[in-house]
Protein chains: 2
Amino acid sequence: MTSSLHHRAIENLGTRIISGELPAGHVMLAEHLEDELKVSRSVIREAVRVLQSLGLVETTKRVGIRVLPASRWNPFDPQVIRWRLASDARGAQLRSLAELRAAVEPAAAELAAQNAPAPLRLELVDVAYAMRDAGHNGEVPRFLELDIQFHSLLLSGSGNEMFANLMGQVAETLTGRTVHGLMPDHPHEAALQWHVDLAEAIARGDAASARETSDRIMRRTMSRMSDTWTEQPRVFIPVRR
Amino acid sequence: MTSSLHHRAIENLGTRIISGELPAGHVMLAEHLEDELKVSRSVIREAVRVLQSLGLVETTKRVGIRVLPASRWNPFDPQVIRWRLASDARGAQLRSLAELRAAVEPAAAELAAQNAPAPLRLELVDVAYAMRDAGHNGEVPRFLELDIQFHSLLLSGSGNEMFANLMGQVAETLTGRTVHGLMPDHPHEAALQWHVDLAEAIARGDAASARETSDRIMRRTMSRMSDTWTEQPRVFIPVRR
DNA sequence: TGACACCGATGTGTGCAGACATCAAAACTC
DNA sequence: GAGTTTTGATGTCTGCACACATCGGTGTCA
């Protein structure tokens, strides 16, 4: 199913647009795409509709299918994020996600302390202790898994569906970090304790402490990652009026 | 263009799914939708493909088009947000957006102070003073317009395309606030000055001050809005493993 | 002669109808 | 109950008619 013709057409065009191979303003003809991808019109048409809804292209009669500039792309769409992570802009995408995460997690921690269901709070505490153990023992893969689970639970516990939806993308940044060898074999001792403190603050409903502790974790994470992407150029999206 | 059959089909199905009229698990047949909406198969298929990419439905052979639970919807998609704002969940959606905004804006302010291009900083200061004047004179519509412009510039100036993309949604929360008569004729005097302080902190590159001032503005905004939606139920998205 | 408004030709997406292919659920056989 | 066949829905392909934005030619007027 994931390899349906329609899906492959989306993947093909999406990656090529986001990689810059098909630059903004480039105009394609549906007929030409049929020949190139060796698929029928219906497949092309359905793919173009989806790309249109992602803001990657627009269609105009008598003109064709025009590639839109990056400022029109939907930067929150999981597919767009995936395509950007696979492009030259990978560094910039990781930085954007990390900045978003750093902004959101302390707020999510505060909300979780106020609203999270009891079982989730307990699980959060369990995972935090398991994380600390795995960290002490240098079990890197298990630590990564628990780390993702911890932050997923935290975002989910906020009761804000937008925060919760960032889970998937957060997982990307965390795995991306280890893959790039940015994680030491033994995670920072203090950071491990901070996770435990955060979980317990949420468990006892201490919103202010939860926010502050989460903020401390995020600041440390950001400071450790920032030097990786300082050379990434920033793109300023113009204000649409 | 916006009233193409395919677009109308998306709108029809999208609103009905998000309103709950078509509940999660409900199965439709493409053929049935053709009859109901009086359009051809290609229109239905293209619409379903878009809804599929938004996580609203999935298609299975031999079964049909199945409506997915809200936990699968893409909560950052502008269309989904618009449909939720038009549904019973309007309050919950406004709260989610406000919480997101409250989390992001201080981070955006900090980044803007570090990275924003010089012309944008100047414009931000101009707009802040214009806001203060409009607020003093009780020009509510003009104040709202400037308020949106101010926060759009701020998010745009962060150089984070995800932050910048929140502009449109932020505008929704701000306009939604005035439409609901939650705005006094004369905005809070201190808040007006805070906007000026924030703009000037960004202009001189004082990141810490910018973040703190923005945080103060957000906290006040949240505290003024929170009592409107305390009765809205929170939805906890389960963690996908 | 030159500038301008008009108007039809052209090419492209949009929508329609029907056919066959594919494949997974459901029914059936042993 | 395991394996096989049937069935019915989506997936894919194709030919056609239509809508309509763009472009170039034609005619009118100054």
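Below, chains carry the letters A, B, ... as their sequence lines are ordered, and counting in each starts from 1.
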Query raised in the report: To the nearest Å, how far apart are B/R41 CZ and C/dG15 P?
Result: 16 Å
Query raised in the report: Picking from D/dA9, C/dC16, D/dA21, which would you name as closest to the side chain of A/R62?
Result: D/dA21
Report task. Could you tell me the separation between the CZ atom of A/R66 and the C1' atom of C/dT12, rounded to a whole number of Å? Result -> 13 Å
Report summary line: In whole angstroms, the gap separating C1' of C/dT12 from CG of A/L33 amounts to 13 Å
Requested in this report: Determine the minimum heavy-atom distance between A/A128 and A/A199, stating which atoms define it.
Outcome: CB-CB, 3.7 Å
Query raised in the report: Is the distance from OP1 or OP2 of C/dA24 to the nearest side-chain N or O of B/T60 less than 4.0 Å?
Result: no
Query raised in the report: Would you say the base of C/dG15 and the side-chain of A/R45 have a donor-acceptor pair closer than 3.5 Å?
Result: yes
Query raised in the report: Atom CD of B/E31 and atom P of D/dG11: how far apart are they, to the nearest Å?
Result: 15 Å
Query raised in the report: Between C/dT14 and A/T59, is there an OP1 or OP2 to side-chain N/O distance shorter than 4.0 Å?
Result: yes
Query raised in the report: How about B/R82 and B/E11: do any of their side-chain heavy atoms sit closer than 4.5 Å?
Result: yes
**Report entry** Out of C/dA25, D/dA21, C/dG13, whichever nucleotide has its closest atom nearest the side chain of B/V63
**Finding:** C/dA25
Query raised in the report: Between D/dT12, C/dA17, D/dG11, which nucleotide gets closest to the side-chain atoms of B/S40?
Result: C/dA17
Query - Rounded distance in Å - CG (B/L29) to P (D/dT7) - result: 18 Å
Query - A/R234 atom CZ: more than 12 heavy-atom contacts under 6.0 Å - result: yes
Query raised in the report: Considering only D/dC16, D/dT12, D/dC20, which nucleotide approaches the side chain of A/K61 most closely?
Result: D/dC20
Query - Distance, rounded to the nearest Å, where A/H7 contributes NE2 and C/dT22 contributes P - result: 21 Å
Query raised in the report: Between A/E34 (CD) and C/dT12 (P), how many Å, whole number?
Result: 12 Å
Report task. For atom CG of B/D88, decide whether the heavy atoms of other residues, nucleotides or ligands shown that lie under 6.0 angstrom number more than 12. Result -> no
Query raised in the report: Quick one: CG on A/L111 to CD1 on A/I202, what's the gap to the nearest 0.5 Å?
Result: 10.0 Å
**Report entry** Whole-Å distance separating the CD atom of B/E46 from the C1' atom of D/dT10
**Finding:** 15 Å
Query raised in the report: Counting any heavy atom closer than 4.0 Å, what does B/R49 reach on the DNA or RNA strands: base, sugar-phosphate only, or nothing?
Result: sugar-phosphate
